[in-house]
Amino acid sequence: MNTRSRVRAGAVAVAFALLAAGCTGSGSGGGVKGTPGAAGLRDPYFPKLGNSGYDVSHYALTLSYDPATGRLDGRAEITAKATQDLSAFNLDFVGLTVRGATVDGRPAAVNRAGNELTLRPRAEIEDGAEFRATVTYDGVPQKITDSDGSEEGWLKTADGALALGEPTGSTAWFPGNHHPSDKATYDIAVTVPAGVKAFSNGVLSSEKKTADGRGTSVWHVAEPMASYLATLAIGRFDTTTTTALGGKVPVVTAVDPVVAAGAAALRARIPELLEWETENFGPYPFAAAGAIVERDGDAGYALETQTRPVFPGSSFDTSTLVHEMAHQWYGDSVSPATWKDMWLNESFATYAEWLYAEDFEHTPAQKSFEKAFANDAAWAFPPAEPPKAEDLFGTPVYQRGAMVLHRIRQEVGDDTFYEILAGWPAEHRHGNATTKDFTEYVESVAGRDLSGLWDVWLYGDGKPARPTA
Ligand code: ARG
Ligand code: ZN
């Protein structure tokens with residue numbers, strides 16, 4: 001599944017440049033017309049992330065993990081459709097050892113270079129053809145330290161492991177097209193030893209004991225998911241299952257027993273908060289909800305993993321829960337087209353905190369705006385243009401991003417603003433969107449040009465004059 005409009009435009013430009021240079025690729029006649037898919041989608045921050053030449057529709061991951069040795073045994077079955085005649089294609093994959101690969105049931109040649117895994121099938125794949133690739137692998141998966149110093153990928157925890165993937169960490173536990181523009185459905189089957197459990201995204205579709213006492217849980221994600229939102233939490237958990245939204249959505253929570261007492265009251269409020277967010281943001285986009293709460297040392301920050309966000313115990317507070325749940329609409333259902341569009345995630349999730357304070361704590365969003373406006377760190381760079389990868393999670397992306405939304409509210413008034421809040425995720429439900437999609441959408445709902453607002457608040461350098469609201 002793919003809506004990588006901006007990225008594809010880049011690929012077209014390259015193809016055009018090659019043609020203009022008189023290069024026609026690797027031959028024409030006979031059966032040899034396919035070329036290898038490119039090893040990256042030219043994301044502004046992670047140019048090698050993702051791969052071109054195909055579109056993944058489904059991942060079926062069959063994993064087994066042993067916390068005692070730290071070893072993961074995996075098999076990924078990837079269903080995809082070729083978007084060109086393909087002689088070979090790449091997957092993003094970090095660490096681990098590949099034991100074998102097939103394409104449509106026949107062994108494929110495997111090559112690895114850095115974070116790129118190349119599969120060359122026996123026969124070329126024709127443009128438009130659906131194909132199935134399998135990769136079997138094992139080893140001790142890696143932790144990835146991002147340029148901003150935060151840790152993602154595969155994290156060992158006190159009693160198991162935790163997989164976090166924003167922006168690139170999912171490359172550490174399964175091979176795939178790990179750019180947010182290629183969203184897919186998932187089935188994640190995880191086998192773990194007796195005494196521990198495995199939680200992932202979506203609906204628990206089956207749970208079995210194996211003959212040797214181990215347990216297998218299968219998690220089904222029916223809606224498209226960007227790979228950075230996949231998670232896996234293995235360990236001892238205190239779990240609850242309830243429903244929300246008129247009994248339609250199962251709410252599964254898994255909390256480390258060490259932090260369970262402190263998390264109890266807030267955990268019980270998830271259905272009520274889902275109700276409130278649905279009233280403001282529109283229909284809940286997924287078939288399941290919940291939360292995973294770990295010890296502080298196990299996770300360094302909260303993350304909006306699809307349907308089931310992850311929290312360190314001390315961050316499991318009301319505003320962080322409201323924030324990560326809001327991401328289910330903004331970020332998870334409507335995902336960024338490239339990592340440059342990241343502010344579209346964090347602005348709305350931060351604004352959800354401001355709205356919660358307004359509705360439940362007698363703090364008008366205007367107050368939150370003024371506090372953000374007074375924060376020097378918010379003005380380091382324009383939210384739609386983080387200078388480097390390490391700035392993607394910087395204060396401007398969150399605080400100045402939310403200020404952009406508040407400025408829209410001031411310009412268009414509450415009725416139109418709330419129409420935009422729910423209309424934007426409806427417009428791009430389960431898809432991807434660019435910053436330009438957003439500004440055009442807002443202008444179309446507002447019925448007028450707002451380029452002055454974008455120039456100053458979204459793209460402008462430095463702190464503007466204080467708006468007179
Ligand atoms: N998106 C997360 C949030 O809800 C933060 C992730 C931080 N990750 C990182 N690599 N710095 O705000
Ligand atoms: Zn966030």
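Note that this is a predicted model, so its numbers are computed, not measured. Numbering of residues begins at 1 and proceeds along the displayed sequence. Both ligands and their constituent atoms are indexed starting at 1 by order of listing.
Considering Y398, Y330, F417 as possible partners of Y351, the one that fulfils the ring pair (Phe, Tyr, Trp, His ring centres under 6.0 Å) test is F417. Screening N51, N111, N90 for a side chain to side chain donor-acceptor pair (under 3.5 Å) with T118, the sole residue that qualifies is N90.
Listed by atom number, the atoms of ligand 1 under 4.0 Å from E304 heavy atoms are 1 (N), 2 (C), 3 (C), 4 (O). Heavy-atom proximity to H323, at under 4.0 Å, picks out these atoms of ligand 1: 3 (C), 4 (O), 12 (O). Which parts of ligand 1 touch Y301 is read off a 4.0 Å heavy-atom cut-off, strictly below it: atoms 6 (C), 7 (C), 8 (N).
Sorted by first and then second residue, the pairs that involve residues 227-268 and meet ring-ring contact (aromatic ring centres under 6.0 Å, His included), not counting sequence neighbours, are F199-F237, Y228-W339.
Contact annotation: E151 has no heavy atom less than 4.0 Å from any atom of ligand 1. Using 4.0 Å as the threshold, E346 has a heavy atom nearer than that to some atom of ligand 1.
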Side-chain donor-acceptor pairs of residues 450-459 under 3.5 Å, sequence neighbours excluded:
{"residue": "S451", "atom": "OG", "partner": "D449", "partner atom": "OD1", "Å": "3.3"}
{"residue": "S451", "atom": "OG", "partner": "D449", "partner atom": "OD2", "Å": "2.7"}
{"residue": "W454", "atom": "NE1", "partner": "E443", "partner atom": "OE2", "Å": "2.9"}

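Residue-level proximity to ligand 1 for A302 is carried by the backbone, the only part with a heavy atom below 4.0 angstrom. Contacts with ligand 1 closer than 4.0 Å are made by no heavy atom of E152, backbone or side chain.
A salt bridge is absent between E411 and R409; no separation between the charged side-chain nitrogens and carboxylate oxygens falls under 4.0 Å. Look at E370 and K367 and you find no salt bridge, because none of the NZ, NE, NH1 or NH2 atoms lies under 4.0 Å from a carboxylate O.
Shortest contact from atom 1 (N) of ligand 1 to any protein heavy atom: E166 OE1, 2.6 Å. What sits closest to atom 12 (O) of ligand 1 on the protein, heavy atoms only, is Y398 OH, 2.6 Å. With respect to atom 9 (C) of ligand 1, the closest heavy atom belonging to the protein is S150 OG, 3.1 Å. Distance from atom 11 (N) of ligand 1 to its nearest protein heavy atom, with residue and atom name: D148 OD2, 2.7 Å.
The aromatic ring centres of F373 and H406 sit 6.0 Å or more apart.
Remark: at the Zn ion (ligand 2), atom NE2 from H327 and atom OE1 from E346 enclose 100°, rounded to the nearest 10 degrees.
The environment of NZ in K463 is crowded: more than 12 heavy-atom neighbours from other residues, nucleotides or ligands sit within 6.0 Å.
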